[in-house]
Amino acid sequence: MTALHEARLQPDVYDDDDILLPLLEHAPHAALRLPDGRIMAWAEYGSSRGLPCVLIPDTGSSRLAPGWLLHDSALPSAIRLLAIDRPGIGASDPIGFGGTEQPAEDLRRLVETLAVGRVAVIGIGRGADDAFAFAARYPRLVSSVSAVSVRLPGTERSRRSFRHPRRATRQPWSGPLACWVQTAGRDADLTLESTWRRMLDRLPQTAAEVLGDRWMESDFREAVAADAALINPAWTAPARDTDIPTWALDPTAIGVPVEVWHGKHESGTTLAAVEEFAGGLPGWTVRPAAGSSAVLGAWTDILSVATRSFFVAN
């Protein structure tokens with residue numbers, strides 16, 4: 001997997017210009033200026049002539065996520081993968097206090113600036129919320145949405161409170177990377193095998209099952225450490241307009257094909273809940289993946305299906 005768009009200098013910044021940022025060791029990246037003055041950064045992987053796919057990482061992850069997400073899968077030569085830094089993560093500026101997140105507008109700016117035409121959008125966990133928001137508002141810019149290990153609002157809490165109304169609810173699942181970092185501790189060296197060995201007995205079951213034995217490979221540990229290093233623990237994103245995203249209230253508003261990739265044994269939002277939600281929705285397809293999550297292990301199929309969406313009439 002080859003990262004492209006190497007940046008060697010940082011010129012003056014203008015509203016409509018790309019900003020070339022200094023080369024990072026793990027993934028060269030670029031950025032653009034958004035209308036509100038913020039900088040939005042992304043890294044590019046694959047072929048510059050490939051079909052453009054925008055990857056929106058889960059909360060607590062960055063543009064470096066493909067380094068460990070695609071650890072066992074070669075990026076198809078037909079793909080140009082653009083992984084973004086969400087606001088306040090990595091090289092992307094945070095939203096000012098009092099501001100609100102506008103993921104659809106940020107992504108529109110990215111797509112129009114790069115002049116790539118339509119894109120396949122891939123959202124992981126909470127990143128799927130942003131992917132759906134963009135597709136609903138600008139369907140002509142989107143060939144398909146791939147929602148990976150999506151989290152349906154309220155499913156985990158309502159199920160527990162019904163069965164155990166007096167039991168305190170656990171913190172909601174925030175994705176494997178956030179869980180690994182929390183378990184290891186912010187000052188832990190995630191490149192060390194000894195760090196991961198100490199974590200194994202303390203990891204929640206889902207996070208341990210997603211991890212498997214990948215921690216034993218040094219390049220996987222280094223990729224996870226690089227991604228985690230871009231998390232800003234002092235930054236908290238502004239609250240969104242509603243706790244329930246619009247797509248969950250009106251999924252028919254997504255006017256493009258939707259592929260939902262979900263682990264057969266995921267906790268929190270289960271495969272059964274996803275199938276019940278998406279069943280009968282026109283254009284929605286649920287694709288079960290082996291194991292406790294679709295986040296690792298299903299990327300060959302995810303990218304293959306995303307590629308095909310460019311050649312299928314919406």
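For the numbers below, each heavy atom of this structure counts, side chains included, while hydrogens, waters and symmetry mates do not.
- When all heavy atoms of Ile231 and Gly60 are compared, the closest pair comes out as CD1-O, 2.8 Å.
- Looking only at atom types and distance, the side chain of His71 has a donor-acceptor partner in the side chain of Glu217 under 3.5 Å away.
- Residues Asp106 and Arg38 are paired through a salt bridge, judged by an N-O separation under 4.0 Å between the basic side chain and the carboxylate.
- No donor-acceptor pair closer than 3.5 Å links the side chain of Glu105 to the backbone N or O of Gln102.
- Residue Ser146 holds its OG atom at 10.5 Å from CD1 of Ile124, rounded to the nearest 0.5 Å.
- Between the side chain of Arg109 and the backbone N or O of Pro35, no donor-acceptor pair lies under 3.5 Å.
- Leu177 pairs in a side-chain contact (heavy atoms from CB on, under 4.5 Å) with only one of the listed residues (Asp227, Thr59, Leu69, Val295), which is Asp227.
- For Ser61 (side chain) and Asp58 (main-chain N/O), no donor-acceptor pair under 3.5 Å exists by modelled atom type.
- Between the side chains of Trp247 and Asp129, a donor-acceptor pair is found at a separation under 3.5 Å.
- Residues Val148 and Ile122 are in side-chain contact: their nearest non-hydrogen atoms beyond the backbone lie under 4.5 Å apart.
- Between the side chains of Ser144 and Glu259, no donor-acceptor pair is found at a separation under 3.5 Å.
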Show your reasoning for whether side chain to side chain contact (heavy atoms under 4.5 Å, CB included) applies to Val150 and Val274.
CA-CA 8 Å; Val150 68; Val274 170; 4.2 Å; yes

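- The residues Asp130 and Arg86 are annotated as salt-bridged, a charged nitrogen and a carboxylate oxygen being separated by less than 4.0 angstrom.
- A salt bridge links Asp85 with Arg63: the closest approach of a Lys/Arg side-chain nitrogen to an acidic carboxylate oxygen falls below 4.0 angstrom.
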Trace of the side chain to side chain contact (heavy atoms under 4.5 Å, CB included) decision for Trp299 with Leu75
CA-CA 9 Å; Trp299 285 98; Leu75 189 63; over 6 Å; no

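- Across all non-hydrogen atoms, the minimal contact from Ser92 to Ala41 is OG-N, 2.9 Å.
- Between the His262 side chain and the Thr269 main chain, a donor and an acceptor come within less than 3.5 Å of each other.
- Taking CG of Leu34 as the reference point, atom CG of Asp93 lies at 8.5 Å (rounded to 0.5 Å).
- Side-chain atoms of Arg33 and Ile39, non-hydrogen and from C-beta on, do get closer than 4.5 Å to each other.
- Residues satisfying the ring-ring contact (aromatic ring centres under 6.0 Å, His included) criterion with Trp68, sequence neighbours excluded, are Trp180.
- A heavy-atom distance below 4.5 Å is found between the side chains of Pro204 and Cys179.
- Atom OG1 of Thr270 sits about 8.5 Å away from atom CD of Glu275, to the nearest 0.5 Å.
- For the 3.5 Å distance criterion, the side chains of Ser292 and Thr206 fail to qualify, holding no donor opposite an acceptor.
- Side-chain contact check for Glu112 and Tyr138: no donor-acceptor pair (N or O, by modelled atom type) lies under 3.5 Å.
- Connection of Met216 to Val224 is established within a shared hydrophobic cluster, with ILVMFWY side chains joined at heavy-atom distances below 4.5 Å, either directly or through further cluster members.
- Going from atom OG1 of Thr252 over to atom CH2 of Trp284 covers 9.5 Å, rounded to the nearest 0.5 Å.
- Between Ser309 and Val312 there is no side-chain heavy-atom pair separated by less than 4.5 Å.
- Across all non-hydrogen atoms, the minimal contact from Ala135 to Val142 is CA-CG2, 3.9 Å.
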Without placing hydrogens or testing angles, list every side-chain donor-acceptor pair under 3.5 Å for residues 196-203, not counting sequence neighbours.
unit_1	atom_1	unit_2	atom_2	d
Trp196	NE1	Leu190	O	2.7
Arg197	NE	Glu193	OE2	3.2
Arg197	NH2	Glu193	OE2	2.7
Arg202	NE	Arg198	O	3.4
Arg202	NH1	Thr183	O	2.7

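- Of all non-hydrogen atoms in Val256 and Pro139, the two that sit nearest each other are CG1-O, 3.7 Å.
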If you apply the rule side chain to side chain contact (heavy atoms under 4.5 Å, CB included), what do you find for Tyr45 with Leu55, and how did you get there?
CA-CA 11 Å; Tyr45 304 82; Leu55 176 70; over 6 Å; no

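- In this structure, the side chain of Arg137 does not engage the main chain of Ala104 through any donor-acceptor pair within 3.5 Å.
- In plain terms, the two heavy atoms of Phe310 and Pro52 that are nearest each other are CZ-O, 3.1 Å.
- Side-chain contact, Asp189 with Thr195: no donor N or O sits under 3.5 Å from an acceptor N or O.
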Go through the steps to decide whether Met40 and Leu110 satisfy the test side chain to side chain contact (heavy atoms under 4.5 Å, CB included), and finish with yes or no.
CA-CA 8 Å; Met40 177 181 180; Leu110 173 67; 4.2 Å; yes

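- Between Pro153 and Pro245, the closest side-chain pair of non-hydrogen atoms falls below 4.5 Å.
- Trp42 and Leu114 make their closest contact through CZ2-CD2, 3.6 Å (heavy atoms, listed as atom of the first residue, atom of the second, distance).
- Of the possible donor and acceptor atoms, none in the side chain of Arg80 sits under 3.5 Å from a partner among the backbone N and O of Gly50.
- The structure places CG of Leu296 at 9.0 Å from OG of Ser149, a figure rounded to the nearest 0.5 Å.
- Counting only heavy atoms from C-beta outward, the side chains of Leu81 and Pro66 approach each other to under 4.5 Å.
- Checked by atom type and distance alone, the side chain of Thr307 pairs as donor or acceptor with a backbone atom of Leu303 at under 3.5 Å.
- Heavy-atom contacts from other residues, nucleotides or ligands closer than 6.0 Å to CD of Gln182 number 12 or fewer.
- Looking at heavy atoms from C-beta onward, Arg118 lies out of side-chain contact with Arg140 at the 4.5 angstrom threshold.
- With rounding to the nearest 0.5 Å, the separation of CZ in Arg308 from CG in Leu51 is 12.5 Å.
- Between Phe134 and Pro103 there is no side-chain heavy-atom pair separated by less than 4.5 Å.
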